[in-house]
Structure formats: C-alpha cells, structure tokens
S.K.: 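Below is a structure I'd like to ask you about.
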Protein chains: 2
Amino acid sequence: MTTRGEMWQAEILRLLRQNHAPVKAYQVLATLRKIHGKLAPTTIYRALSALQERGRVHRVESLNAFIACQSRRDKQPSILSICNECGSVEESVAPDLLNDLSNVIGETGFSPKRHVVEVHGTCASCNSRKAQA
Amino acid sequence: MTTRGEMWQAEILRLLRQNHAPVKAYQVLATLRKIHGKLAPTTIYRALSALQERGRVHRVESLNAFIACQSRRDKQPSILSICNECGSVEESVAPDLLNDLSNVIGETGFSPKRHVVEVHGTCASCNSRKAQA
DNA sequence: AGAAGTAATGTTATATAGTAACTAAATCTG
DNA sequence: CAGATTTAGTTACTATATAACATTACTTCT
Ligand SMILES: [Zn+2]
Ligand SMILES: [Zn+2]
Ligand SMILES: [Zn+2]
Ligand SMILES: [Zn+2]
C-alpha cells in the first residue's frame, strides 16, 4: 500500500531520527544524492512537507532546518529547546503554557492557529561540561 | 557624530515603521536601490543586524522577514502575533509567560538565552470582517 | 601634520534555501 | 480500456544570506 513518494518520506524520516540535531533540507538532499544519484530539491521539500503534515517532522523556523518529532502524541504543538553549543534540540509538550499563550494574545481578539515556540540556550549537558572548565 | 552606516539604519527603520506588516530583506534592498542606486545585500543585512542588536527591529523567524519594534521598552523579549489573512503583526510583551516558559524547559537543566515566540492566526479586524460574510 | 594601525563600509562573488511550471507516470472511474 | 485525476519527476528559476576581500574613514602616536 505504499504509494510512490512514501519511500522518500520513510528514508528521510530515518535520516532525521539518526540526528539529534536539526538537519537542513540541502543536507538531506546531499545525503540522498549519494545513495540515489540525481535528485531534485523539490523531491525533498515535498517529502518534508508531507512529513510535517503527518506530524512526524517539525520545521525549526529559527534555523531553517528540520527535526524528527520526538513526542509520542502526534500533532501536539511542541516547544523546541535548541542548544547553541552542541546543536541538540529537545522537544517538550506543555499544553497549559500554550493555552496561556493563546489567552494572552487572544485578549486583543486574535485567534491563534499555529504556535511557533523555540528557545535558544544551553542544554543540560553542555552546561555541566562548561561548569567543569 | 553619525557614522556612515547609521544612515542606512535610520532609513531602514523609517521604512519598516511605515509598514505594519513584516518586510523582507530584499524588499528593503529594492526600495533603497530605487533611491540610492547600486547597493549590495550585505549593506542591508548589516544594518538590519545592527538594528536588531539595538532592539529596534525584530526578525520574524517564521517568515524570514523583519518588523520595527512596536514596544517602548527596548530589548524586551516579545511575542509576535501574525495574521495569515492581512499579514499584520502585533507585538505583545508578557514577561510572566516567558518566565513560565523558561521554567518549563528549565526543568531538564536547559538555560534559555533567547526566546522565539510567534503565533500565526487571524487578527481581530480580519475576524470581524469574516464574521460579516 | 604625517605615518601606521584599526575599525567600519563597500564590492564582488558565491553559498544556501525554496518554488514555479511543466512533463511523465500511476491510479482511479466508468 | 479510454479518459480524468492525482502523484511524482524534471528543469529552471527566484529568494535568502554570507564569505572574502578591497576600500575608506577614523584613531593614536610621534
Ligand atoms: Zn513533535
Ligand atoms: Zn548542548
Ligand atoms: Zn519589540
Ligand atoms: Zn488580519
């Protein structure tokens, strides 16, 4: 039952899951080209869009990059913590917080549809590593 | 006492303030080229970076675009509400919320340095316009 | 003031990111 | 199967951003 393009999706998802850091579209492209030869950006972007719609992959807006969804529950809007030192990204789910957020900006009559919450900083392991030195 | 580049900054800031919607770097470039002739992207990007450091301009990460800061207090981290219909952007300040956010992701030992909070949806005026129809 | 050093700006070229428009193939419908 | 429709491949292009180097303007010291 796998339609044609789902193979790209599966392969890209596997690739993203191997990295804990976000991967750029053109990195994906380069990797897949090594295996499959000629391949157009369009193919990658289409697969990435489909993966996003299915909630398997998130786009990291502040990095123009992509990461595999780490949460179990699909399509749950998520919060990304991005380490500036090692590049790792952690995904957290905090419905209450996003709710508060919706309320705050809803005060002026704005109806939220999509939340982008990304926090840059230093992750726990980089923090402790730096505490050593 | 105005160094050369500060003129670009002033001019770009004026331009951004005329638009309530975010402006792309290359739109800025095109506009300034009409007035000043030949001009390189670098010039625009350098001025935009300086403006961001000074807290006069925010980059809208999810749009690759820029907007003049609408808040009085400089450098206050801000929340952007972006209307999908009309493109307008509203800036809100909610220190408590960002504090909560820091706490949530801080639970795992992450130290936040920079917050990106952008909400896409429909603004009040677009909502009421659509309620008519 | 003049020379030498430093920092800011200008210039050229290129890297990186993303999409439009069209073609070809597969799948569906009757 | 014929024809319509959706899906994927291909080509070419547009948009976004930065690197590397050249030039100019400021600073500092003599
Ligand atoms: Zn997720
Ligand atoms: Zn880290
Ligand atoms: Zn602001
Ligand atoms: Zn609107």
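Lettering of chains follows the sequences in order, A, B, ..., and the numbering in each one begins at 1.
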S.K.: So, are A:Glu118 and B:Arg114 salt-bridged, with charged N and O less than 4.0 Å apart?
M.R.: no

S.K.: At their closest point, which heavy atom of A:Val119 faces which heavy atom of B:His115, and how far apart are they?
M.R.: CG2-ND1, 4.2 Å

S.K.: Can A:Glu6 and A:Arg54 be counted as an ion pair, charged N to O under 4.0 angstrom?
M.R.: no

S.K.: Let me test you: for the helix from C:dA1-D:dT30 to C:dG30-D:dC1, what is the angle between the axes at its two ends (five pairs each), rounded to 10 degrees?
M.R.: 30°

S.K.: Rounded to the nearest Å, what distance is computed from the CD1 atom of residue A:Ile44 to the C1' atom of nucleotide D:dT10?
M.R.: 14 Å

S.K.: Figure out the CG/C1' separation between A:Leu29 and D:dT11, and round it to whole Å.
M.R.: 14 Å

S.K.: Tell me: CD1 of B:Ile12 to P of C:dT9, nearest whole Å?
M.R.: 12 Å

S.K.: Look up atom CD1 in B:Ile79 and atom CG in B:Leu98, then write down how far apart they are to the nearest 0.5 Å.
M.R.: 5.0 Å

S.K.: Is the number of heavy atoms from other residues, nucleotides or ligands within 6.0 Å of NE2 (B:His120) greater than 12?
M.R.: yes

S.K.: Can you see which heavy atom on B:Gln9 is nearest to which on B:Ala47, and at what distance?
M.R.: CG-O, 3.9 Å

S.K.: Can you give one letter per nucleotide of nucleotides 11-22 of chain C, 5' to 3': B if a protein heavy atom sits under 4.0 Å from the base, S if only from the sugar-phosphate, - if neither?
M.R.: BB----BBBB--

S.K.: For A:Trp8 and C:dA25, give me the distance from atom CH2 to atom C1', rounded to whole Å.
M.R.: 15 Å

S.K.: On a heavy-atom basis, which atom in A:Phe110 and which in B:Gly121 lie closest, and how many Å separate them?
M.R.: CZ-N, 3.4 Å

S.K.: For A:Glu61 and D:dA17, give me the distance from atom CD to atom C1', rounded to whole Å.
M.R.: 17 Å

S.K.: Is it the case that A:Asn127 and B:Ser111 place a side-chain donor and acceptor less than 3.5 Å from each other?
M.R.: yes

S.K.: Separation of A:Glu6 atom CD from D:dT6 atom P, in whole Å?
M.R.: 17 Å

